[in-house]
Structures are given as structure tokens and as C-alpha cells.
Amino acid sequence: MELAPLRPWDDFFPGTDRFAKPEFGDLTKWNNRVISNLLYYQTNYFAVAVVVFIIVGFLNPFGMFLGGTVVTLVFVGSVWAGENKATIKNFKRKNPTLFVIGVMVTSYFLLSLCGGVMVFIFGITFPLLLILIHASLRLRNMKNRLENKIEGVGLKKTPMGVIMDLLDQQEEKMNKIQDFIESKLKE
């Protein structure tokens, strides 16, 4: 597995001209924007999440460890259930956002039993919310689109590619990239 390159700050967070409200009516287009940005900026998102994790972990190390453990166990359990139960697998493929929300709600419930809700909200949910907002609002530039298409074959080797594969989003993306390449070869 290889780590994607860290994108320059001026590319990751430029002026307001590179951000726009997603088309809420066209969920496929919005999903494609989010997935493309997650793949393209994955190392930047990881860095932002690590900074927030470190700050919250410094303030409450046990709570952060507990929260991270619970979320990881719930995610691994839900991915395992998705691989072994056709109903869950179909739901996960068709509704990846609802699947992740389900994992987070389940984690929240389990952490509320342990008293770690504030750590969950600030240490785990807040970075995910920041990432989702950025990935939803950030317009894809030509370099982003081109790199996603060129690197399509190797995307499963990156951490975000593996996560997308676990959420059953990668296969669809790979098929679209393959169709694009085949159409260009025919021309």
C-alpha cells in the first residue's frame, strides 16, 4: 500500500472560487464529487484528522483511545456483516453515506454507555464532518479528474482506495474509469 502525495495547501484550500454548493438533487454527481475529492486529497484529509485527533487525544487520552477503539470495532463489524449478509451489502453499496452514518450512530450509542460522548463528538465526528464538508464543496479541478482517471488502476493500493473498496464504492469507480479509457481508445 502506498500513500498518496500530500497536495499543496493552495490546491487543497484555495479561495472561494474553487468551492460551490453541491447539487443536492443529483446524488450521483454529488457522490462522484465526494469520492473523487476523498481519493485525490486523502493525505491532506488524513493530516487534518490526525491534528484534531492529537489535540483531543492530548486533552483526554483515555477517552480518545476508547472512542477510536469503539468506532474501529463497529466499522470492522459492519464491514464483516456487509460481506456476509447480502442485504447489508446491497444497502452499503447503494447508500454508503447512510452506512457510515449508521456506523457513527451505533458508535455514539456505545460510547454514551461508557461516558465518552464528548470525545466522540470532537475527536472522531468533527474531523469526519470537516472532511465531508470539504469533499462536498470543493470543485474538482482538471488535475484532480485527470489523476483520478490515470491512477485508477492503482487506487486500491492507497488507504482511501481500500476504505472505498470496503464501502463498495471502488468497483463502480473502476468500471467508470475503464469505460472512459475504452471510449478514448475507440476514438
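The main-chain N or O of N44 is never found under 3.5 Å from a side-chain atom of R7 such that the two would form a donor-acceptor pair.
Here the closest heavy-atom approach between residue L137 and residue P22 is recorded as CD2-CD, 3.6 Å. Scanning all heavy atoms of the two residues, the minimum distance from N37 to A135 falls at ND2-O, 2.9 Å. Contact detail for P127 and V52: the closest heavy-atom pair is CG-CG1, 3.5 Å. Summarising the geometry of R138 relative to R33, their closest heavy-atom pair is O-CD, 3.4 Å, with the distance given to 0.1 Å.
The OG atom of S136 lies 11.5 Å from the CD1 atom of I131; values are rounded to the nearest 0.5 Å.
Criterion: ILVMFWY side-chain heavy atoms under 4.5 Å apart, direct or through other members. Under it, L129 and Y41 are part of a common hydrophobic cluster. In the hydrophobic cluster analysis, where Ile, Leu, Val, Met, Phe, Trp and Tyr join through side-chain heavy atoms closer than 4.5 angstrom, F126 is grouped apart from L59. F75 and F109 end up in the same hydrophobic cluster when Ile, Leu, Val, Met, Phe, Trp and Tyr side chains are linked at under 4.5 Å. No chain of hydrophobic side-chain contacts below 4.5 Å, direct or via other Ile, Leu, Val, Met, Phe, Trp or Tyr residues, connects L6 to W9. Hydrophobic cluster membership is shared by Y40 and I133, with clusters built from Ile, Leu, Val, Met, Phe, Trp and Tyr side chains linked at under 4.5 angstrom.
A search for ring-ring contact (aromatic ring centres under 6.0 Å, His included) contacts involving F46 returns nothing, not counting sequence neighbours.
By the 6.0 Å contact criterion, OH on Y108 is open, its count of non-hydrogen atoms from other residues, nucleotides or ligands being 12 or less.
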Can you give me every donor-acceptor pair (side chain of residues 61-72, partner residue at least two apart or in another chain, under 3.5 Å) with its distance?
from, atom 1, to, atom 2, distance (Å)
T69, OG1, F65, O, 2.7
T72, OG1, G68, O, 2.7

